[in-house]
J.: 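Supplied in C-alpha cells, the structure appears directly below.
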Amino acid sequence: MDEQKKWDDLARNELKGQAPHTLNKNTLENITIKPLYTAQDLERAPHLGNIPGTSPYTRGIKATMYAGRPWTIRQYAGFSTAEESNAFYKQALAGGQKGISVAFDLATHRGYDSDHPRAEADVGKAGVAIDSVEDMKRLFDGIALDQISVSMTMNGAVIPILANFIVAAQEQGHDKSVLSGTIQNDILKEFMVRNTYIYPPEPSMKIVSDIIEYTAQNMPKFNSISISGYHMQEAGANLVQELAFTLADGREYVRAALKAGMDVDQFAGRLSFFFAIGMDFFMEAAKLRAARFLWARVMDEFQPKLEKSKMLRTHCQTSGVSLQEQDPYNNIIRTAYEAMSAALGGTQSLHTNALDEAIALPSEFSARIARNTQLILQEETGITNVVDPLAGSYYVESLTADLIEKAWELMEEIEESGGMTRAVASGKPKKLIEETAAKRQAMIDRGEDVRVGVNKYQNDQDEPLDILEIDNALVREKQIERLEEVKAKRDNQKLARLLFDLEEAARTGEGNLLDIAVQAARERASVGEISDALERVYGRHEASMETVSGVYGAEFSDDPSYLAVQQKIKDFAASKGHRPRLLVLKMGQDGHDRGAKVIASAFGDIGFDVEIGPLFRTPDEAAELALLQKVDVIGISSQAAGHKVLIPQFLDALKRQSDENILTICGGVIPQKDYDFLYEAGIDAIFGPGTNIIEAAKQILEQLENK
C-alpha cells in the first residue's frame, strides 16, 4: 500500500467516514492545497535534479548562497528633504544596513518640480523631494557612492532622476563606471497597477531601452532595470499573476533591447527583479524558486552565450497590504514571517516593512525594529548555514511545480495575444488583477481570509502609535527656494540648447535620451524641465478608469447582511426615484488605486450607481466633476498622506461651486489622529484600513436617510 492510500484510510477513519479531500484548500491561484504530500507528488516536478548555482537556478543563483554571503539588507526609505533622508540613511548604514533604497515623493515620480501647482500636496510626503542635482548631492552627502549600492524606485521620471544621480556621483569624485545599484525603470508595470507613469507606453519603452543601452556601455556594475511584481501583488494579483506578468514584462524588455541593436549578453546579466512577499509562507518561498526556473526558460529563447544571462536575481519586500491599522504590533510578527519566507526562497536583497506603515511613514523606532528583524534572521536563526533549506520538501517542491505550470500557461496566453505591451494596452492583465483584488476583499469581509485583530480576535483597546508626520508646506517652501537658487546661478542659454537637443532626440528617435539628460542635469536642468522636454513630444498619458463587476457580489449571494443592505438600496430607490449614486475620487499625484477600485467594484455589486473619477485631479477639478455627476455620495480615497491638504481644498471648492448638501466620505491610509481635523473640515464619515465594506455601505445608507 502506498503512502497516500495508507493516509487516506487513516484520515477517513478520523473523519468518521468523510472523504479526506474535504480537508483540501483552494487558493486564489486555483491551486489545491492537500493536507498531505508524498514522494508521488514529485513525479511531475520539472525542476528537480539541479544543484544551486546551475541552470535553471531553481535552488539559487550561487552555489553557496547565504552560506557564502547573506542577502543584502536594503531598507526602502526617503521622506521630506534630502538632508533628513540623508541623516536617516547614515543612521541605517551604521545600524547594519548594507545598501540604500530611495523612496521619492510622488511629485518627483510624476515629473513635477516642487513649485508645480499639481504637486502642492505631495512634496516630501511619501518620499524625498528631488528637483535638481543639488538635491541629489545633499541626499548622498557623506555617503561614498563608489562603495554603497543604491537602489532607486523610479519609473515615470526615470530619465532625469538617473541623470541627476550620475552627475551627483561624478561631482562627488567618482566615475560612473564604479557605481553599483539598481534603477527600477519598469514602466509596463506602472500601466497595470501603480500608475506613476508620465508618457504613453510606446515612447516609454524607448526610454527603457535607452537606459539599458547607456548603463550597459557606461555602468557595468549597475542594474539597468528592476522588473517588478511587487506592486502587482500589492494591487491584488495572486502569485501566479505576479509571476507571469512580471516575467512577461521582462521578456518584453529583453526584446526592446535587442530591437535597439544590443547583444543579449551585453545587458541580460544586469537585469534584476522585485517581488512582494505576503503571508502565504510556503507558497511565497516556492514562488521565488519557480521564478528562477521560468526566467532561465525565457532566456533560453534568446540563446545567450553567458550562463549569468539566464540568472534571475531579485530584491524582495515584505507586503504592505498585509499590514493592518488595527492591533498594529501584530505587523512586527507578520513582517518577520514574510522576511523568513523571502530568505528561504533565496532573495538577493530584502526590505522589511515597519509596523506603522499601514498609517504613515515609518518612525525611527519602527524602522529600527524592521531592520533588526533581518539582522536577527541572519545572525541568530541559522538559516544562512544551509543552501536552499526547503529543497526536497514534498510540499514546497510540489508548490514550485504548480506555480511553474500555471504561470507558464498564463505567459503563453500573453505571447499568443501579441506580447506584454499589447496585453497591457488591451487592459487584460489590469482587469485580472482587479478581479482578484475584489475577490480577496470579499473573502476578508466574509471572514474566510483571516486578519488577526481585524476580522477575528479583535482587540477592544486602541493602541495609539507615535507616527512620523511631515510638514508638507514647510518642505515645499524650502524646495522652491532652493530651486530658485539653482535657476539663478546656471547658464540658461547653454541649458536651453541641451533641452532642445533632448526634445529633438525624442522627436526623431536619434541619440540616447539618458546621455543628453546627463549633460542637461550637469547644467542644472531640473527634474521638471527634463520631463517637460520629453512631454512636449510624447504627451502625458491619461488612463481610463474602469471597474470590474460581479466578482465581489458573487461571494455574498446568500449572505444575510449583504441582502439586507441591498433591500435598503431598493427602499432608497423607491423613495428617491433613483439608486444611491456614488462618485469615487482620487486627488493629487497618488496613483495607487487598488482601494478606490475595490470600493467602486464592491459598491456597484451591492447596488449603488457608481462612477470612478480619473486619477491625478486637483481639488477644483474633482469638485467640478462631482457636481457634474449629480451624485448623492462622494468617496475620497487617500493613500499617500496628502489628505490634510487635498480634502479641505476639495470641500472648499465644493462649497464655492454649489450649495448642494452632498454626503462626503473618505478612506484609506489616514491616521486616526487626523480624523478630528477632517471632521472639522466638513467630512461626514471616515473609513480606515480594515473596514468591512458591507458595514460601510450600511452606515452610508443610514447617513443618506438622515441628510
J.: Regarding D135 and Q479, is there a side-chain donor-to-acceptor distance under 3.5 Å anywhere?
T.: yes
J.: Check for a donor-acceptor pair, side chain of D265 on one end and backbone N or O of P304 on the other, with a separation under 3.5 Å.
T.: no
J.: Quick one: do the E190 and N155 side chains pair a donor with an acceptor below 3.5 Å?
T.: yes
J.: After noting the C-alpha distance and the side-chain angles of Y76 and E357, does the key distance pass the side chain to side chain donor-acceptor pair (under 3.5 Å) rule?
T.: CA-CA 12 Å; Y76 179 59; E357 287 189 66; over 6 Å; no
J.: Pairing donors with acceptors under 3.5 angstrom, does anything connect the side chains of T58 and R289?
T.: no
J.: Working to the nearest 0.5 Å, report the span between CZ of R74 and OG of S151.
T.: 5.5 Å
J.: Determine whether Q374 and E379 satisfy the following criterion, side chain to side chain donor-acceptor pair (under 3.5 Å), listing intermediate values before the conclusion.
T.: CA-CA 9 Å; Q374 294 198 54; E379 303 290 348; over 6 Å; no
J.: Could you check, using the six-membered ring where one of them is a Trp, whether W295 and F273 have ring centers closer than 6.0 angstrom?
T.: yes
J.: If we ignore hydrogens and angles and just use 3.5 Å, is the side chain of T215 paired with the main-chain N or O of I211 as donor and acceptor?
T.: yes
J.: Looking only at the side chains, is there a donor atom on one of S322 and E338 sitting less than 3.5 Å from an acceptor on the other?
T.: yes
J.: For the residue pair E29 / T27, report whether a side-chain donor-acceptor contact shorter than 3.5 Å exists.
T.: yes
J.: Give the C-alpha distance, both sets of side-chain angles, the deciding distance and a yes or no for side chain to side chain donor-acceptor pair (under 3.5 Å) between Q97 and Q75.
T.: CA-CA 7 Å; Q97 186 170 313; Q75 293 296 93; 5.6 Å; no
J.: Measure up the F222 and F165 rings against each other and bin them: parallel (under 30°), tilted (30 to 60°), perpendicular (over 60°).
T.: tilted
J.: Answer with yes or no after comparing the ring centroid distance for F282 and Y395 against a 6.0 Å cut-off, counting only values under it.
T.: yes
J.: With side chain to side chain donor-acceptor pair (under 3.5 Å) as the test, would you mind laying out the steps for Q317 and N353 before giving the verdict?
T.: CA-CA 7 Å; Q317 180 174 339; N353 286 332; 3.0 Å; yes
J.: When the ring planes of F274 and Y230 are compared, do they come out parallel, tilted or perpendicular, using 30° and 60° as the limits?
T.: parallel
